[in-house]
Amino acid sequence: MLSLCMELRKDPITRSWVITGDDVPEVAARPEPFCRFCPDSREAPQLIASVAGTPGAPWSARAVVHPNALYHIEGEATRRGDGIYDRMRPIGAHEVLVESASHDRHLWNASDLEIEQFLLLAAQRIRDLKGDGRFKYAGIYKDHGNSAGQEFEHPSSQLTATTFVPRRVLYELRAAREYFQSKERCVFCDIISQEMKQDLRVIELRGDFIALCPYAPRVPYESWIMPRTHEAAFERFGLNRPGTMRDLGALLRRTLQRIRTITEDFHLVLHTSPNSLHRSGNLGYWKTIDEDYHWHIEIMPILAQKARSYTFKEVYYSPLSSETAVKRLRDARIEL
Ligand SMILES: [Zn+2]
Ligand SMILES: [Zn+2]
Ligand SMILES: [Zn+2]
């Protein structure tokens, strides 16, 4: 159990928030003899939301409270100064999004309908959490495999809502706004149109979506999935355009199948616009966010490779070009 003395501290130089505190477990956690996320679990976590839809299953996907939540929903963040430093309590939401009722249906082997239901649940949860004025950001991520720090055996992703915007998203938001200020165009839309024209790094198109290897990859086989139609908010896109999540689900499944021909371990993250309902007075600086930001999914495969940890942390080192990676991913033999 995570102790409540954990707190958020802001690095005064980079302005990134970190969660810190003394939380060293006294005994190593033992694997549980049962799965708490399976439908018949004896110790089911607290249910938040559920979607039906697949024949023969009690539910298709559901959101539950994370059993060892990093963020807690009760209370106020009470941001405090400490000389030049800033700290606040880790107020937020931390949920497990169970992708399937079945213990072995993953995003790469589930049906289009199952993945669509999971994506719709994700969109609903983000929309709901953005209704809470305390939260500035809500996003989803998935760590799969031992070297990715996977937490649960059962197919699942995680959702956090936080009182701050995570660092990588903040960098993207600032950069997208600057690009928009000088060109009056969305940088992501420009990337998509150039990638489609050049066709050097496109993995696959499906409906309104594109999967590609980014021009400057952080790791080999890094892959992004984006809607080709401009939209800043994933949840608005998913909930306002019925049917599109089916195409996204299919492209996600196929892209993960391709990556799994290279490695089983990966991080996946969904980046979407921050909470525009947040009551902070300084939201003026996100005035053009609906025009300048563009939601997307990033997949970072993890390959066993020579240790370059210093380089890796300061300057990303990716010993395989995107142009080569995309050929292997495109040619990968996948099921469907
Ligand atoms: Zn299970
Ligand atoms: Zn765009
Ligand atoms: Zn991103």
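Both counts, for ligands and for their atoms, begin at 1 and track the order of listing. Just so we're clear, the structure is a prediction, and the values are computed from it rather than from any experiment. In what follows, residues are counted from 1 in the order of the sequence shown.
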Ring centres under 6.0 Å, that's the criterion: do Tyr137 and Phe164 meet it? no

Contact check, side chains of Leu303 and Pro301, non-hydrogen atoms, under 4.5 Å: yes

ND1 (His294) - the Zn ion (ligand 2) - ND1 (His230) angle, nearest 10°: 110°

Please work out the angle at the Zn ion (ligand 1) defined by atom ND1 of His103 on one side and atom SG of Cys35 on the other, rounded to 10°. 110°

Looking just at side-chain N and O atoms, do Asp265 and Thr263 make a donor-acceptor pair shorter than 3.5 Å? no

Salt-bridge present (Arg185, Asp190; N to O < 4.0 Å): yes

Ring pair (Phe, Tyr, Trp, His ring centres under 6.0 Å) with His144: of His106, His154, His267, only one passes, and it is His106

N, O or S atom within His154 nearest to the Zn ion (ligand 1), by name: ND1

Ring centres under 6.0 angstrom apart (Phe209, Phe237): yes

Measure from the ring center of Tyr293 to the ring center of Phe180 and say whether it is less than 6.0 Å. no

Which protein N, O or S atoms lie under 2.8 Å from the Zn ion (ligand 3)? Glu172 OE1, Glu172 OE2, His271 ND1, His296 NE2, Glu298 OE2

